[in-house]
Amino acid sequence: MPAATFLQLQQRLLAFWAEQGCVALGPNDRPLRIGTLSPGTFLRMLDPAPWSAVQSLINRCPRESRREATPLRLSYRHQLQVFMRPPPSDPLGLLRQSLKAAGFELKRRDLQLANADFSVPEVAVTGTGWRLRLEGLPVAHAYYPQAVHGYQVPSAVEIAYELERLVMLQHGSPRIDDLPWSAEISYGEVAGNMRRGLDVYYRDRSEKKERLLNELDRCFGEAERSLDQDLREPAYDQFLRCCEVFEILRVRQNFGPLREQTWLERLADLSWRCLPQEHRS
Amino acid sequence: MSSELLLEVRTDPMPPAEVEAGIQRLKNTLVAQLRAAGVAPKQSATGFTARRLLVLLRGISGRDGEGLGANAAAKIGEVVADAIENLTWPTSMVWQDQHAWLSPVRGVLLLLDGERVPATVFGVSSSAHTLGPESSGLQRIPVADADQYGRALAEVGIEVRFPERRRRLQEQLVAEAQRFGGELVQDAALLKERAVACETASVVSVPIDSQFSSLPRELLLECARDRLGGFCILGKDGEVIAASFVMDRWDDPDDAVARSYEWALTSYLDDLRFYLERDRRLPLAERCREQQTQTLSAARGTHGERAARCDRLCEMLCDELGWSSERDRAKEAISLLAADGRTELLRAFPGLEGVIGGLLAREEGYATSVWQALADSRRPALEAKSLPRGRVGKLVALADRVDRLASNFSDAESQVGNVLVPGDRDSARVSDLVDQLVRIGLGGGMALDLRLLVASALRQSFKGREADRSEEAPLSDGLAAGLAILDHAVDSSLVRVFQELGFQSIEIAAVLSADGSSLLSDQLQRLEGLRTLRGDQRLDSLAQTAKRIAGILQGSTEQALDVALLTDGTERDLYFVYRRLVDQIVTAREEGSFTVWLQHMTGLNTQIDQFLRDVLVRDENERLRLNRLALLQRIHWLYAGEIRVAELLEDDD
């Protein structure tokens with residue numbers, strides 16, 4: 001199978017998981033640092049009802065921002081997120097099959113699965129599972145979320161892929177901007193400017209500390225106001241904006257360790273209150 | 001006739017750190033349970049990778065050496081399933097909402113003399129086949145017996161015997177280093193982790209692009225190790241010239257894997273250089289000024305407060321140890337201690353805390369003792385070679401750890417009100433920190449009383465929070481509990497660390513239970529002296545006598561000795577021998593001449609033995625009795641004052 005374009009790879013993976021019974025969700029409409037924060041995943045974390053979904057996400061990671069192009073640190077990048085409840089009996093088997101479906105000839109690759117623990121502190125989610133490395137690069141993970149705020153999560157599995165890294169490995173080239181987005185256009189032409197702009201913005205040009213802190217406070221307050229009116233989804237939407245601002249403050253080194261920790265705890269507490277009351281007891 | 005049992009448990013990849021101990025527990029449990037069920041194996045062997053655990057039992061027979069009975073297979077199947085399912089792990093994973101083990105069990109190979117033994121483990125039925133490695137697409141391999149199992153796995157590149165796999169991997173790494181004309185940077189922990197994780201371990205190496213040759217070596221090594229599990233190869237001038245990576249596959253025929261590793265490494269090094277350049281923009285001193293008012297944690301206060309406390313501790317240590325010439329450098333290092341706390345490099349490589357500060361200080365031209373103290377300040381003092389370099393380094397590391405130790409109690413206290421009730425995690429942290437303090441103190445040959453040092457830091461820490469308490473007030477519950485815990489922690493730690501250094505339990509007990517100096521350097525000197533006397537029969541005789549004296553003196557109160565009351569003969573002889581030898585014994589011990597010490601003690605011992613034979617200590621005449629007790633009390637100090645000789649009895653029950 002010839003090396004896939006970015007879109008082909010994404011589509012092959014989406015198709016594979018759709019065949020496994022996952023609902024293909026639309027893209028995210030708020031910047032997310034990591035797929036676990038997606039409303040389609042987090043808001044259903046404690047809901048025991050069966051739910052399997054696959055979603056192509058655009059992630060923003062201010063901490064990964066750089067001014068020069070680099071293949072492994074992308075502040076603006078794509079992730080494919082799978083959530084399955086109940087979990088399949090052999091998630092690692094499916095992970096392997098999905099990579100084959102995406103065009104990887106695994107017999108020619110150095111595929112290593114390593115046991116790893118996971119945590120997403122903004123939402124106080126912890127879990128355990130595996131990180132998948134191809135040629136040493138972490139390209140995917142599969143994990144069983146185990147607890148949210150210490151509450152046991154009904155059995156589920158989360159799988160996520162780093163799409164840019166997979167495309168680079170398929171083409172054997174780290175020059176991400178030169179790789180094909182589709183047959184007609186390169187990745188750089190589609191997403192390069194956005195990433196470069198965000199790199200500069202996050203590192204050096206974002207708003208001043210006080211304004212960012214005000215924004216953090218404002219969104220936090222708005223989320224609480226929404227929760228008071230029992231509007232959990234809009235509250236979570238504001239929570240995600242809080243997370244983005246918080247990340248920018250961190251990358252600009254505007255927090256001391258204690259203040260950073262205190263805000264993380266406040267955010268985790270807020271995310272907890274966004275979950276349906278009936279699942280929190 | 002004896003039988004052979006082959007068990008292989010296949011799982012999703014397990015955490016490498018747990019596997020080695022786990023397979024031993026599985027084997028021991030299995031053997032014990034089989035024996036209890038009347039099935040006795042004579043030989044056992046184990047093997048493991050991160051995705052399979054192997055137990056091979058040979059020479060199996062029934063009770064009294066008879067053959068296995070008709071129902072043996074069924075019984076063995078039950079025992080094996082029970083042993084596996086009930087094996088406990090430090091961490092476990094839950095799958096299918098009902099099973100919990102280190103990692104999900106995917107297959108069980110169970111053969112008795114080549115025949116499949118029916119068993120069901122976590123819903124998985126036993127089989128007579130195994131699976132090949134990841135790189136073979138997990139191909140199915142039929143198994144006839146243990147020998148064929150080993151051969152079949154070897155054919156697909158799997159060496160299931162861990163020591164052999166690790167040895168081969170080490171050989172490949174060394175060969176790769178030689179191919180580059182360099183020397184491998186040895187890393188036993190990484191070698192073990194890679195050898196467990198990779199079933200078909202083989203090595204690819206890539207050169208380091210010369211554009212990165214100016215990066216500090218420490219950073220290059222950590223980057224290759226942390227990001228890609230890579231080993232570095234040093235050139236003749238000590239520069240990093242290449243890196244080797246462990247693949248979980250046999251070969252790399254078209255170098256595709258190597259090329260990917262090469263660009264991945266280049267990308268990570270590019271990141272490293274980017275962060276380093278950004279961090280260089282702000283001098284360390286300025287970073288520290290910015291951090292002064294930032295709160296480190298609720299228990300430790302601001303960076304500035306922490307630095308002030310560490311500085312006071314350092315001053316105290318310098319006074320105590322007479323290291324006044326190190327005072328200024330130590331003060332300078334402490335003022336920069338947290339300087340790397342907010343560097344970009346540290347965010348990217350949290351494992352390099354301290355090292356980064358040291359590197360930046362070196363680049364900014366600080367004195368060697370200062371930048372080395374920073375570089376070594378966070379390195380866990382786990383063994384002699386990881387101790388901080390130089391006196392300044394040791395002072396700074398000690399002050400930092402004592403401060404962290406004291407704050408550990410503050411943390412715990414704030415959680416449970418005024419009474420300190422440390423949880424398991426706190427206890428582990430306290431033990432770890434005290435162990436490090438002992439190692440640093442011993443490694444630095446410090447004449448330091450650790451108990452006093454940590455107690456003083458703890459009192460200081462509580463003083464700040466109990467300012468309204470008067471000096472005469474009894475200790476608060478929290479402080480009293482903290483002091484008791486620290487006392488116990490120091491006792492346990494001294495035993496552990498002295499054992500690490502190769503001293504015997506009886507030697508350690510003889511030194512630590514004595515009443516004399518509790519300075520670390522003195523304790524070490526006494527232990528080293530005792531080590532030179534190991535195996536000398538005279539020690540046994542000394543110990544016997546010491547026990548007899550201790551027994552006689554038990555319950556007695558301190559008495560004054562009246563020489564005029566000593567009776568002629570053995571009693572008076574003992575006194576004069578004691579007077580003649582006492583200074584020589586003490587001097588010999590203080591000078592570390594333990595052979596001379598033993599010689600004099602033996603001389604005294606002979607006289608005491610005769611005294612105890614000939615003289616009735618418990619005389620009816622009270623004055624004589626008390627005077628004899630007084631004589632023995634004086635002599636007893638030589639047997640228990642600085643070395644408790646009675647503890648040196650080998651078979652003490």
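Residue numbering restarts at 1 for every chain, and letters A, B, ... go by the order of the sequence lines.
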> What part of Asp252(B) is in contact with chain A, defined as an atom under 4.5 angstrom from a non-hydrogen atom: side chain, backbone, both or neither?
Replying inline: neither
>> Go through it in stages, so that I can follow the logic: the residues are Asp90(A) and Arg10(B), the test is salt bridge (charged side-chain N to carboxylate O under 4.0 Å, His left out), and I'd like the CA-CA distance, side-chain angles, deciding distance and then a yes or no.
In response: CA-CA 13 Å; Asp90(A) 183 9; Arg10(B) 291 188 306 281; over 6 Å; no
>> Using heavy-atom distances under 4.5 Å, tell me whether Leu265(B) contacts chain A through its side chain, its backbone, both, or neither.
In response: neither
>> Would you compute the distance between atom CG of Asn115(A) and atom CG of Asp12(B) and round it to the nearest 0.5 angstrom?
In response: 9.5 Å
> Of the listed residues (Arg63(A), Gln261(A), Arg259(A), Arg96(A)), which shares the most heavy-atom pairs with chain B below a 4.5 Å separation?
Replying inline: Arg96(A)
> Going by an N to O cut-off under 4.0 Å, is there a salt bridge joining Glu135(A) and Arg249(B)?
Replying inline: no
>> Run the salt bridge (Lys or Arg N to Asp or Glu O under 4.0 Å) test against Arg347(B) and tell me which residues pass, sequence neighbours left out.
In response: Glu260(A)
> Which distance, rounded to the nearest 0.5 Å, do you find between the CG of Leu72(A) and the CH2 of Trp263(B)?
Replying inline: 6.0 Å
> Is it the side chain or the backbone of Pro138(A) that comes within 4.5 Å of chain B heavy atoms, both, or neither?
Replying inline: side chain
>> Could you tell me if Gln112(A) and Arg194(B) have a donor-acceptor pair between their side chains, going purely by distance under 3.5 Å?
In response: yes
> Would you call Leu92(A) and Pro13(B) a side-chain contact if the rule is heavy atoms closer than 4.5 Å?
Replying inline: yes
> In terms of heavy-atom pairs under 4.5 Å with chain B, which of Ser173(A), Ala116(A), Ser89(A) leads?
Replying inline: Ser89(A)
>> Would you say that Arg109(A) contacts Glu134(B) through its side chain, given a criterion of any heavy-atom pair below 4.5 Å between the two side chains?
In response: no
> CD of Gln152(A): more than 12 outside heavy atoms within 6.0 angstrom?
Replying inline: no
> Under a 4.5 Å heavy-atom cut-off, does chain A meet the side chain of Val246(B), its backbone, both or neither?
Replying inline: backbone
> Could you give the distance from CZ (Arg108(A)) to CG (Asp254(B)), rounded to the nearest 0.5 Å?
Replying inline: 4.5 Å
> Who among Met93(B), Arg51(B), His303(B) has the most heavy-atom pairs with chain A under 4.5 Å?
Replying inline: Met93(B)
>> Do Asp110(A) and Tyr261(B) have side chains that approach each other closer than 4.5 Å (heavy atoms only, starting at C-beta)?
In response: yes
> Which atoms of Tyr268(B) come close to chain A, meaning under 4.5 Å heavy atom to heavy atom: side chain ones, backbone ones, both, or neither?
Replying inline: both
>> If I measure from the heavy atoms of chain A, does Ser103(B) come under 4.5 Å with its side chain, its backbone, both, or neither?
In response: side chain
> In terms of heavy-atom proximity below 4.5 Å to chain A, should Ser202(B) be classed as side chain, backbone, both, or neither?
Replying inline: neither
>> Between Phe245(B), Trp95(B), Tyr275(B), who has the most heavy-atom pairs with chain A when the cutoff is under 4.5 Å?
In response: Tyr275(B)
> So which part of Ala264(B) gets closer than 4.5 Å to some heavy atom of chain A, the side chain, the backbone, both or neither?
Replying inline: both
>> Report which part of Arg106(B) has an atom under 4.5 Å of a heavy atom belonging to chain A: side chain, backbone, both, or neither.
In response: side chain
> When you look at Ser260(B) and Leu137(A), which way does the side-chain contact (heavy atoms from CB on, under 4.5 Å) test go after all the steps?
Replying inline: CA-CA 9 Å; Ser260(B) 295; Leu137(A) 278 185; over 6 Å; no
> Side chain, backbone, both or neither: which part of Glu344(B) has a non-hydrogen atom closer than 4.5 Å to chain A?
Replying inline: both
> Where does Arg259(B) contact chain A at under 4.5 Å (heavy atoms): side chain, backbone, both or neither?
Replying inline: neither
> Looking at CZ of Arg165(A) and OG of Ser267(B), how far apart are the two atoms once the value is rounded to the nearest 0.5 Å?
Replying inline: 9.0 Å
> What part of Met14(B) lies closer than 4.5 angstrom to a heavy atom of chain A: side chain, backbone, both or neither?
Replying inline: backbone
